[in-house]
Number of protein chains: 2
Amino acid sequence: MTDALRRFKSEIFQGLAHPTRIAIVEALRDGELSAGSLIEKLDIEQANASQHLAVLRSKQIVVSRKAGNQVFYSIRDQALIEVLDILRRYFYSQLSTSVDMMKEMARQGPKPRIRMR
Amino acid sequence: MTDALRRFKSEIFQGLAHPTRIAIVEALRDGELSAGSLIEKLDIEQANASQHLAVLRSKQIVVSRKAGNQVFYSIRDQALIEVLDILRRYFYSQLSTSVDMMKEMARQGPKPRIRMR
DNA sequence: TCAGTATATTCGAATAATCGAGTATACGAA
DNA sequence: TTCGTATACTCGATTATTCGAATATACTGA
């Protein structure tokens with residue numbers, strides 16, 4: 001049983017292990033949004049959004065509701081928001097002492113990946 | 001800054017996105033352990049353990065301390081334990097209502113990948 | 001120095017994740 | 001039915017993760 005629990009947790013973590021998917025979950029924090037609203041709000045490709053939403057669905061992180069020809073997504077459990085909040089605090093507490101963070105962020109720069117706003 | 005925060009979170013999640021690494025973090029819950037103790041306790045290959053520990057180190061999830069011949073690992077921040085606890089509660093609350101969980105768990109057993117929607 | 005123990009790293013193969021482009025499906029309105 | 005919109009899925013290429021095996025490094029004690 002413990003093993004199943006660990007697999008379950010790792011699936012949740014895997015589901016959240018991408019910046020875009022975190023952005024999606026955070027965007028849903030205050031309530032459901034249609035896939036289209038998410039795409040617009042996050043400025044991502046439609047196909048990409050759909051793929052990430054499929055991942056979130058498969059890990060049971062979000063649930064979807066169909067209304068007419070749109071699909072509304074919402075977070076399945078508030079616990080996940082709690083988790084993100086804990087990590088936000090963790091991030092800032094680390095920031096004050098950790099210069100390694102700079103390394104981590106710089107690692108993103110040199111390669112063709114451009115981001116970093 | 002929001003972007004960096006999301007990348008940070010996703011790195012943490014990625015670091016925890018493997019059952020073995022979750023087992024390691026849980027084993028460290030009550031205090032530091034040497035790499036050897038972890039290997040024995042979790043019954044995993046030495047090289048594999050070392051690789052997973054390297055991941056956890058690179059994501060700043062654990063810190064290591066060298067003492068003579070051995071290396072002791074501990075969790076960098078209690079926040080991560082909190083996160084695991086939240087997910088444990090989440091798991092059990094889902095269990096009572098979610099039959100999909102069984103599918104998820106069954107998927108882990110035999111080799112053939114079933115694709116269900 | 002050498003031998004033994006503890007841990008880390010490298011290698012190569014297998015698997016999985018990711019992306020954009022293209023295509024398919026579902027729905028509402030005409 | 002057909003059209004237009006919203007969303008999902010498939011494909012192929014690229015990159016990342018994972019594993020065990022082998023090797024390397026670091027430390028201790030003789």
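Each chain gets a letter, A, B and so on, in the order the sequences are listed, and its residues count up from 1. Below, all heavy atoms of this structure are taken into account, side chains as well, without hydrogens, waters or symmetry copies.
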Over how many whole Å does the gap from A:Arg65 atom CZ to D:dA8 atom C1' extend? 18 Å
Is it true that A:Val63 and A:Phe8 fall in one hydrophobic cluster, defined by side-chain heavy atoms closer than 4.5 Å? no
Which nucleotide in the set D:dT18, C:dA17, D:dT17 lies at the smallest distance from any side-chain heavy atom of B:Gln14? D:dT17
With distance as the sole criterion, is a donor-acceptor pair present between the side chains of B:Arg65 and B:Tyr73 under 3.5 Å? no
Separation of atom CG in B:Leu53 from atom P in C:dA6, rounded to whole Å: 16 Å
same_hphob_cluster(A:Ile22, A:Ile39) at 4.5 Å side-chain heavy-atom cutoff: no
N/O to N/O distances under 3.5 Å, protein versus nucleotides 27-30 of chain D:
residue: D:dC27; atom: O2; partner: B:Asn69; partner atom: OD1; Å: 3.4

Thinking salt bridges, do A:Glu26 and B:Lys9 make one under a 4.0 Å N-O criterion? yes
Exactly one of B:His52, B:Gln14, B:Gln51 should register a side-chain hydrogen bond (donor to acceptor under 3.5 Å, both in side chains) with B:Arg21. Which one does? B:His52
Would you indicate whether the side-chain heavy atoms of A:Phe13 and B:Leu87 approach each other to under 4.5 Å? yes
Taking OP1 and OP2 of C:dA6, is either one under 4.0 Å from a side-chain nitrogen or oxygen of B:Tyr73? no
Can A:Leu80 be reached from A:Val62 by stepping across I, L, V, M, F, W or Y side chains whose heavy atoms are under 4.5 Å apart? yes
Any Lys/Arg nitrogen of A:Arg29 or A:Asp85 sitting under 4.0 Å from an Asp/Glu carboxylate oxygen of the other? yes
Can you tell me the distance, in whole Å, between the CZ atom of B:Arg57 and the C1' atom of C:dA8? 7 Å
Rounded to whole Å, please give me the gap between CZ in B:Arg21 and P in D:dC19. 8 Å
Contact list for DNA chain C against residues 33-52 of chain B - heavy-atom distance below 4.0 Å: B:Ser34, B:Ala35, B:Gly36, B:Gln46, B:Ala47, B:Ser50, B:Gln51
Measure CD1/A:Ile22 against C1'/C:dT18 and give the value in whole Å, please. 16 Å
Starting from A:Ile75, can I reach A:Phe72 by hopping between I/L/V/M/F/W/Y residues whose side chains sit under 4.5 Å apart? no
Rounded interatomic separation in angstrom, taking NE2 from A:His18 and C1' from C:dC19: 9 Å
